[in-house]
Student: 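Could you have a look at this structure, given as structure tokens, before my questions?
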Amino acid sequence: MAQYNWLEAINVTEEMLIETDNRLPVIWISALDCTGCKEAFIRSFEPSTLDTILNFISLEYSELLSAASGDQIEAHKESIFEKYKGEYVLAVEGSIPGSDEFLLIAGKSVREEIIHAAKHAKAVIAFGSCSAWGGIPAAGLNPTNAVDIRAIIPEDVPVALVPGCPPIPEVIIGTLLHVHFHGELPELDKKLRPKVFYQTTVHMTCHRKPLFDQKLFAQSYDDEGARKGYCLFKIGCKGPTAFNACESLGYDRCISAGFSCIGCSEKGFWDKGGFCSKRKK
Ligand code: SF4
Ligand code: SF4
């Protein structure tokens, strides 16, 4: 299947890429996370994260990525809230603990800090399944009473969910670039995900789909069918119910590597079996 041009999909032309004035201020706050979403953020190829940071967005605060630290970066964050009131994007990674005391950064409750930062944000973007749905911290017994971003921010703040564990790098960058170039979030679906990236299932664009249609299935990860690259549906592939752009953006590494899609962009994927589920033959 031909890959789509995602820059075209978010209506960004070559000419617009040349225009580099007024970078979009971004504050990136991490709560109950593993840093995997930031790892994804720094790995976009087209445009590269480097180009994006140098030309289109200004990453004003990130506990991990900012060169400054301690009081200096905390003071800078506060100054950005004032200087770019209503203009900055608040990126949130990780779910939010139920108790204020559970997670502190610079002596302040992360929960309170996110609420504070969201108040004057142009938009809030939840990067990753943890901030979008609760993710791993909210799975099972949920010992920290973790919640997703929408549980704590005011309803009138525009919010987009960009799930995935982690999300696809180009989807992170594409969502930010849409705000930069168009001044608003991309069109969202009913679950608040950017339609352009979450409009179809992994299955519908999967390179193994012709094998699914021919009913050629691997029955285990080490059988002859698996070696021949047959469809992984019978060994638990969640591609048919996972809305994400992995295959269409060329991030089909799970399935290309011979491992089934675990549906990491879907709500509650850990509680629905994660890596372990297997369909009956
Ligand atoms: S969504 Fe996945 S990669 Fe991102 S913080 Fe949560 S566990 Fe880590
Ligand atoms: S491997 Fe998974 S996503 Fe691909 S065709 Fe089979 S069931 Fe669908």
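Since this is a predicted model, take the numbers as computed values, not measurements. Counting starts at 1 for both ligands and their atoms, following the listed order.
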Student: Looking at Pro166, which atoms of ligand 1 are within less than 4.0 Å of one of its heavy atoms?
Tutor: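 So the atoms of ligand 1 that pass are 3 (S).
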Student: Check each atom of ligand 1 against the heavy atoms of Gly164 and keep those under 4.0 Å away; list them by number with element.
Tutor: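 This gives 1 (S) as the contact atoms.
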Student: If we count only N and O atoms by modelled type, under 3.5 Å, do the side chains of Ser260 and Tyr221 hold a donor and an acceptor together?
Tutor: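 Yes.
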Student: Provide the atom name of the closest N, O or S atom of His203 relative to atom 8 (Fe) of ligand 2.
Tutor: ND1
Student: Can you tell me the protein heavy atom closest to atom 1 (S) of ligand 2 and the distance?
Tutor: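 For atom 1 (S) of ligand 2, the nearest protein heavy atom comes out as Leu232 N, 3.4 Å.
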Student: Against heavy atoms of Ser129, which atoms of ligand 1 measure under 4.0 Å?
Tutor: 1 (S)
Student: With no hydrogens and no angle check, do the side chains of Ser62 and Lys38 hold a donor and an acceptor under 3.5 Å apart?
Tutor: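 Per modelled atom types, Ser62 and Lys38 side chains form no pair under 3.5 Å.
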Student: For Ile136, take its heavy atoms, then give the atoms of ligand 1 lying under 4.0 Å from any of them.
Tutor: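 With Ile136 as reference, the close atoms of ligand 1 come out as 7 (S).
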Student: Just jot down the ligand 1 atoms closer than 4.0 angstrom to any heavy atom of Asp33, in number order.
Tutor: 5 (S)
Student: Do Phe212 and Phe217 have ring centres separated by under 6.0 Å?
Tutor: yes
Student: Do Ser220 and Asp222 meet the criterion of a side-chain donor-acceptor pair at a distance under 3.5 Å?
Tutor: yes
Student: Closer than 2.8 Å to atom 4 (Fe) of ligand 1: does that hold for any N, O or S atom in Cys37?
Tutor: yes
Student: At a threshold of 2.8 Å, where the distance has to be below it, does atom 2 (Fe) of ligand 1 have an N, O or S atom of Cys165 nearby?
Tutor: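 So Cys165 does bind atom 2 (Fe) of ligand 1 by this criterion.
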Student: Step through the shown structure and confirm whether more than 12 heavy atoms of other residues, nucleotides or ligands are within 6.0 Å of CD on Gln72.
Tutor: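 For Gln72, atom CD is not crowded (no more than 12 foreign heavy atoms under 6.0 Å).
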Student: Show me which atoms of ligand 2 lie under 4.0 Å from any heavy atom of Gly239.
Tutor: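 Near Gly239, meaning under 4.0 Å from one of its heavy atoms, ligand 2 has 3 (S).
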Student: Which residue, Glu60, Glu113, His116, forms the side chain to side chain donor-acceptor pair (under 3.5 Å) with Lys77?
Tutor: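 Among Glu60, Glu113, His116, the one that satisfies the side chain to side chain donor-acceptor pair (under 3.5 Å) with Lys77 is Glu113.
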Student: Run through Leu50, Asn55, Thr49 and flag the one making a side chain to side chain contact (heavy atoms under 4.5 Å, CB included) with Ile53.
Tutor: Thr49
Student: Check whether any heavy atom of Gly94 sits under 4.0 Å from an atom of ligand 1.
Tutor: no
Student: Does Lys108 have more than 12 heavy atoms from other residues, nucleotides or ligands lying within 6.0 Å of its NZ?
Tutor: yes
Student: List the closest protein heavy-atom neighbour of atom 6 (Fe) of ligand 1: residue, atom name, distance to the nearest 0.1 Å.
Tutor: Cys130 SG, 2.3 Å
Student: Going by the order shown, which atoms of ligand 1 are within less than 4.0 Å of some heavy atom of Cys34?
Tutor: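 The atoms of ligand 1 under 4.0 Å from a heavy atom of Cys34 are 3 (S), 5 (S), 7 (S), 8 (Fe).
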Student: Which of the listed options, Gly236, Cys246, Cys231, holds the heavy atom that is closest to atom 7 (S) of ligand 2?
Tutor: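 Residue with the shortest heavy-atom distance to the ligand atom: Cys231.
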Student: More than 12 non-hydrogen atoms from neighbouring residues, nucleotides or ligands closer than 6.0 Å to CG on Asp213, yes or no?
Tutor: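 Atom CG in Asp213 is crowded, with more than 12 foreign heavy atoms closer than 6.0 Å.
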Student: What atoms of ligand 2 come closer than 4.0 angstrom to any heavy atom of Lys209?
Tutor: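 Contacts of ligand 2 toward Lys209, numbered from 1: 5 (S).
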Student: Considering only heavy atoms from C-beta outward, does the side chain of Trp133 approach that of Leu161 to under 4.5 Å?
Tutor: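 Side chain of Trp133 against side chain of Leu161, heavy atoms only: contact under 4.5 Å found.
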Student: Give the atom numbers and elements of ligand 2 that come within less than 4.0 Å of a heavy atom of Cys206.
Tutor: 3 (S), 4 (Fe), 5 (S)
Student: For atom NZ of Lys209, is the number of surrounding heavy atoms from other residues, nucleotides or ligands below 6.0 Å larger than 12?
Tutor: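 Counting other residues, nucleotides and ligands, NZ of Lys209 exceeds 12 neighbours.
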Student: How close does the nearest protein non-hydrogen atom get to atom 2 (Fe) of ligand 2, and which residue and atom is it?
Tutor: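 Here the nearest protein heavy atom works out to Cys237 SG, 2.3 Å.
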Student: Should you measure from each heavy atom of Gly128, which atoms of ligand 1 turn up under 4.0 Å away?
Tutor: 1 (S)
